[in-house]
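This report concerns only the one structure given below.
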Amino acid sequence: MTKKMPAALAHILAAFTALSWGSSFIASKILLQHYSPTQVMLMRFVLAYAALWLCCPKTLKLSFREELRFIGLAVSGCSLYFLCENSALTYTYAANVSIIVAAAPILTALAAHIFLPDEKLKKGGLIGFAIAIIGVALVVFNGTVVLKLSPIGDLLSFGAALCWAVYSVLLRKGVDKYNNLILTRRIMFWGFISGLPIALVKNRVFLSLLLLTGISSFVLFSLGLSAPLLDMFSGTRQANASA
């Protein structure tokens, strides 16, 4: 069982996580000038897994049922999520994607209300949910009608938010007993395995690091190392979901 940090510190670090996560959209947009969405996704998983192994080289023995749960976490929160997000960035602005993906907590609250008996939405939460969804709809409408953006990017962004909601609900079910670093490392491993068939279908597995400039190399390593660093210092797992 992991030790819980003070709530105030957890929320401060959660805010730092949100700031770092938001900047990842711009970083991914830069890398997509050189690589496909699947290539960016796989490179990020490999770098994150390597960094997490160096931070915590312990092994994790799981039952078949527990392993299936980790596969579900990896597919929803890694391979499908990043495939949708990176693909969306090729169709629309990073700002648009970040705003729509920010709907993930809203969808998470709704999914938790349906599937988790101890996290029911109250009247105020339902009103906030409706207002937030209207706000997201206005962003999508503005991008499609005023800026003449493709709705494909918006739909992919919403798909990413939906994947993250599924991931968040799965994460709440019985994974607190695992060390954060080992937990994230296992998820990254299955994220790579589940993302590899997508890359094979698209014939975009082989990478050429020669395409990277000095700036894009820094961006790639920043993206890859963001997962272990945020997992070490963030308090998102300790922060109350209703806060």
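All of these numbers come straight from a predicted model, not from anything done at the bench.
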With rounding to the nearest 0.5 Å, note down the distance linking CD1 in I131 to CD1 in I106.
-> 10.5 Å
Closest non-hydrogen atom pair between A88 and G153, with its separation = CB-O, 3.4 Å
Interatomic distance, CG@L156 vs CD@E85, rounded to 0.5 Å, equals 11.0 Å
Heavy-atom pair of closest approach, residues A111 and V169 = CB-CG2, 3.6 Å
One should read off an interatomic distance between L52 CG and F189 CZ, to the nearest 0.5 angstrom, of 13.5 Å
So, do F70 and L183 sit near enough that their side-chain heavy atoms are less than 4.5 Å apart?
-> yes
What's the shortest heavy-atom distance between I100 and F158, and which atoms?
-> CG2-N, 3.6 Å
Reported CG-to-OH distance for the pair N86 and Y35, which is rounded to 0.5 angstrom = 14.0 Å
Distance-only, no hydrogens or angles: does the S194 side chain make a donor-acceptor pair with backbone N or O of G191 under 3.5 Å?
-> yes
Just do the ring pair (Phe, Tyr, Trp, His ring centres under 6.0 Å) check on Y81 and W164 with the steps written out, would you?
-> CA-CA 7 Å; Y81 170 82; W164 192 258; 5.2 Å; yes
Where at least one partner belongs to residues 89-108, residue pairs that pass salt bridge (charged side-chain N to carboxylate O under 4.0 Å, His left out), sequence neighbours excluded | none
Minimum heavy-atom separation for M41 to S79, with atom names?
-> SD-O, 3.2 Å
Once you round to the nearest 0.5 Å, how far does CD1 of I71 lie from SG of C78?
-> 12.5 Å
Answer yes or no: is there a donor N or O on one side and an acceptor on the other, between the side chain of K29 and the main chain of L89, under 3.5 Å?
-> yes
Check whether any side-chain heavy atom of L32 lies under 4.5 Å from a side-chain heavy atom of P37, and answer yes or no.
-> yes
How far apart are the closest heavy atoms of I187 and A74, and which atoms are they?
-> O-CB, 3.3 Å
Flag the pair V40 / F82 as yes when at least one side-chain heavy-atom distance between them is below 4.5 Å, and no otherwise.
-> no
Interatomic distance, CG@L200 vs OG1@T38, rounded to 0.5 Å, equals 9.5 Å
Side chain to side chain donor-acceptor pair (under 3.5 Å) involving Y167 - partner list, sequence neighbours excluded = none
Would you mind listing every salt bridge (charged side-chain N to carboxylate O under 4.0 Å, His left out) that reaches into residues 183-200, with sequence neighbours excluded?
-> E67-R186
Search all heavy atoms of V101 against all heavy atoms of S157 and return the closest pair with its distance.
-> CG2-O, 3.7 Å
